[in-house]
Amino acid sequence: MTQQTTQIPVSSILLDEDIYPRKGIDHRRVGIFAENIRDGFRFDPIEVELVPDKAGIYRLLDGAHRWSAYKSTGVEEVEAIIKNLDGNDPLLYAATKAIGPKQLTEDEARDTARRAYSGNASLSSADIGKAIGRSRQAVDAYIADLRAVNQMGRDIKIFRMHRLGIPQDRMAKRLGLDQKTIHYHLGKMPVLANSLNGDLSRGFTIAQVAEKHGWTDPMVWSLALEGKNDTGRFKELGWGLRTWDQWEWNDCDKRFGDDWPGRIPAQMIAHILRYFSKPGDLVLDPMAGGGVTPDTCLAMGRRCWAFDMMDRPDTRPEIESFTWGISSDQQFSWPVSAKGKPDLIIFDPPYFDKKAADYDKKSISGLSRKAYLEFLEAFLALLKLNVKKTTRLAFINADWRDFQNTPAIEEKYKGGILIDDYLDILKKTGWYHTHIIQAPMSSQRFNAGVVSAMQKKGILGVISRYVIVLNQQGLE
Ligand SMILES: C[S@@+](CC[C@H](N)C(=O)[O-])C[C@H]1O[C@@H](n2cnc3c(N)ncnc32)[C@H](O)[C@@H]1O
């Protein structure tokens, strides 16, 4: 089959080391090619693909030596085949091309196999071997250590998801494994836990044990605190228990959750869990973001199902990927089967308009005021349909006033969303508040210059944030 070729500028082509299977360019070969070009010899077209996210720029899949020779002889345009690899691995494709004219050296073959496997652990040794011109056994030997680490990573993911009470069928789907494999890995959990417990009992710190075994801190906490009650857990974690309905912290506890726009302190989640759930309860976080809720649930011995539209399967396998539909053409459905209903929902949506630029385009923070409130109403009604009668909801939100550059006396209420707007919608959808806890954001994040400018202008800022706790009966 003849493939269509196009003339493209030499200057629009680059050599991308990430998908180049050889150790480097053979300059003697380039010299010979350059001489051939000057003698009028016509080479086969080179092969390129468009560089992802860089319009008009191509990267080489085949023909690095020819391309170097064109450059050195001052040729401005070359004949090229522009490939669309349809999701196939570009490094392995480049390797199949490279072994035609000149076999990869032992070093190059080993390096290409390892890079390909690191980029995509589901590639089989046979597939890699075919691309680089080596046997399956040779590839097995090249990648044996990487495969072992990957297996270990898999065990850790399964351990974490199991600990949070995610059913095996969902684990299998999330990790791309069959249920038999999950079952087999689960059998290894007690041995895994024993080796960590051994290190803990020898007096190593949580951080040291986490580092040594490649676990996250919250997972090690979940083992270390096993058998302790909530009070004991708070003590070990260094969190003073707030006894009244004002919860204030200067900072997020960095051990729990990722750095994430709108991150909330683990201490706040822990207080919600302490006062409004019991050990072993199932917690649902429908917009889990940086994962502070699942992390804190691990430390506090609760199960947790978490979802978010931002998908991070490698670092956050326990946060399942799901987008709650925001317009009529999108699905507005429940992500899991009817089995297993939460005891407590912790709902921390992006605040209206505040962080629109930080989140995905489909995030609800980019909606108009009307659409945001409509989303909340539909979402809260959906929650109500899918929970138990006894399920509680902890709704975290803040007043939204457009105070940024406006003196308080001139602020217009129109366009803002205040606590009574939320309470109205909550009541309308069958959620009745039992507690409103003030949990203000720290004012320390404002610098002195900003504060002084606000004071001069009479601007009244917002650090208010509240946790509204609701049930479905009210205080009857
Ligand atoms: C305020 S953040 C949650 C922060 C989290 N509690 C933490 O401390 O890391 C809100 C999250 O809602 C997610 N989100 C926004 N709209 C969504 C939608 N329609 N479906 C699913 N997730 C959505 C965003 O991706 C974001 O991670």
Side-chain angles (χ1 to χ4, degrees), residues 164 216-218 247 249 251-273 283-300 302 304-313 315-316 318-336 344-369 371-383 386 393-400 417 422 439 441-442 445 462-468:
L164 289 168
T216 61
D217 277 21
W247 300 344
W249 297 278
D251 209 350
C252 292
D253 186 325
K254 304 252 168 4
R255 299 170 297 178
F256 300 88
D258 306 326
D259 195 5
W260 195 260
R263 178 187 196 171
I264 47 176
Q267 304 91 306
M268 184 204 281
I269 299 291
H271 276 73
I272 298 173
L273 296 177
V283 177
L284 170 75
D285 185 342
M287 295 193 182
V292 71
T293 305
D295 278 357
T296 312
C297 282
L298 282 169
M300 293 296 294
R302 268 62 167 179
C304 177
W305 294 355
F307 298 89
D308 201 281
M309 66 195 303
M310 307 290 269
D311 191 16
R312 295 180 297 148
T315 51
R316 287 284 175 185
E318 77 279 25
I319 304 182
E320 296 169 73
S321 163
F322 190 75
T323 302
W324 305 93
I326 55 170
S327 64
S328 47
D329 57 329
Q330 281 173 303
Q331 59 173 158
F332 204 75
S333 58
W334 197 245
V336 293
L344 172 70
I345 300 164
I346 298 185
F347 181 35
D348 174 32
Y351 308 138
F352 165 62
D353 214 31
K354 264 245 175 99
K355 297 256 175 199
D358 288 337
Y359 298 121
D360 189 277
K361 278 199 292 296
K362 287 199 197 122
S363 159
I364 58 165
S365 52
L367 297 177
S368 68
R369 177 181 189 276
Y372 183 88
L373 294 176
E374 276 168 9
F375 171 88
L376 277 187
E377 187 171 333
F379 181 73
L380 292 165
L382 180 76
L383 285 187
N386 287 282
L393 169 64
F395 177 52
I396 302 168
N397 222 301
D399 283 346
W400 193 87
I417 302 184
Y422 295 121
M441 285 166 263
S442 165
R445 64 199 170 101
V462 179
I463 55 163
S464 88
R465 176 173 53 191
Y466 29 74
V467 180
I468 309 177

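As the structure lists them, so they are numbered: ligands from 1, and atoms in each ligand from 1. Heads up: numbering here begins at 1 and tracks the sequence. Note that the structure is predicted; figures quoted are calculated from it, not measured.
At a 4.0 Å cut-off, not a single heavy atom of Gly257 sits close enough to ligand 1 to count as contact. Note on ligand 1: Cys252 sits outside its first shell, no heavy atom being nearer than 4.0 Å.
Met287 approaches Pro349 most closely through the heavy-atom pair SD-CA, 4.0 Å. Closest of all the heavy-atom pairs between Asp253 and Ala266 is CB-CB, 4.4 Å.
In this structure Glu374 satisfies the side chain to side chain contact (heavy atoms under 4.5 Å, CB included) test together with Lys370, sequence neighbours excluded. With sequence neighbours excluded, the residues satisfying side chain to side chain contact (heavy atoms under 4.5 Å, CB included) with Ala288 are Asp285, Ala306, Ile319.
When side chains are defined from C-beta on, Arg465 counts as touching Ile264, because their heavy atoms get closer than 4.5 Å. In this structure the side chain of Trp334 never reaches within 4.5 angstrom of the side chain of Pro286, judged on heavy atoms. When side chains are defined from C-beta on, Thr296 does not count as touching Ile272, because their heavy atoms never get closer than 4.5 Å.
Neither the backbone nor the side chain of Phe307 has a heavy atom within less than 4.0 Å of ligand 1. Residue contacts with ligand 1 for Trp324 involve both N, CA, C or O and side-chain atoms from C-beta outward (heavy atoms, distance under 4.0 Å).
Residue Asp258 has no nitrogen or oxygen atom sitting less than 3.5 Å from a nitrogen or oxygen atom of ligand 1, judged on distance alone. The shortest N or O to N or O distance between Arg263 and ligand 1 is not under 3.5 Å. Taking only nitrogen or oxygen atoms, main chain and side chain alike, Thr323 does not reach within less than 3.5 Å of ligand 1. Close N/O approach between Phe375 and ligand 1 is not found [any backbone or side-chain N/O within under 3.5 Å].
Below 4.0 Å from some heavy atom of Gly289 lie the following atoms of ligand 1, by number and element: 9 (O), 27 (O). Near Asp308, the atoms of ligand 1 lying under 4.0 angstrom from a non-hydrogen atom of the residue are 11 (C), 12 (O), 13 (C), 24 (C), 25 (O), 26 (C), 27 (O). Residue Phe322 has at least one heavy-atom neighbour below 4.0 Å for each of these atoms of ligand 1: 20 (N), 21 (C). Every atom of ligand 1 with a heavy atom of Gly262 under 4.0 Å away is listed here by number and element: 1 (C), 4 (C). Here is the list of ligand 1 atoms found below 4.0 Å of a heavy atom in Asp348: 1 (C), 2 (S), 3 (C), 4 (C), 5 (C), 6 (N), 10 (C). Remark: ligand 1 atoms within the under-4.0 Å shell around heavy atoms of Gly290 are 7 (C), 9 (O).
Aromatic rings of Phe307 and Trp305 (six-membered ring for Trp) have centroids beyond the 6.0 Å cut-off, not under it.
Taking a cutoff of 4.0 Å between a charged side-chain nitrogen and a carboxylate oxygen, Asp258 and Arg316 qualify as a salt bridge.
A donor-acceptor pair under 3.5 Å links the side-chain atoms of Tyr466 to the main chain of Asp399, judged by distance alone.
Around atom 3 (C) of ligand 1, the closest heavy atom drawn from Met310, Met309, Met287 belongs to Met287.
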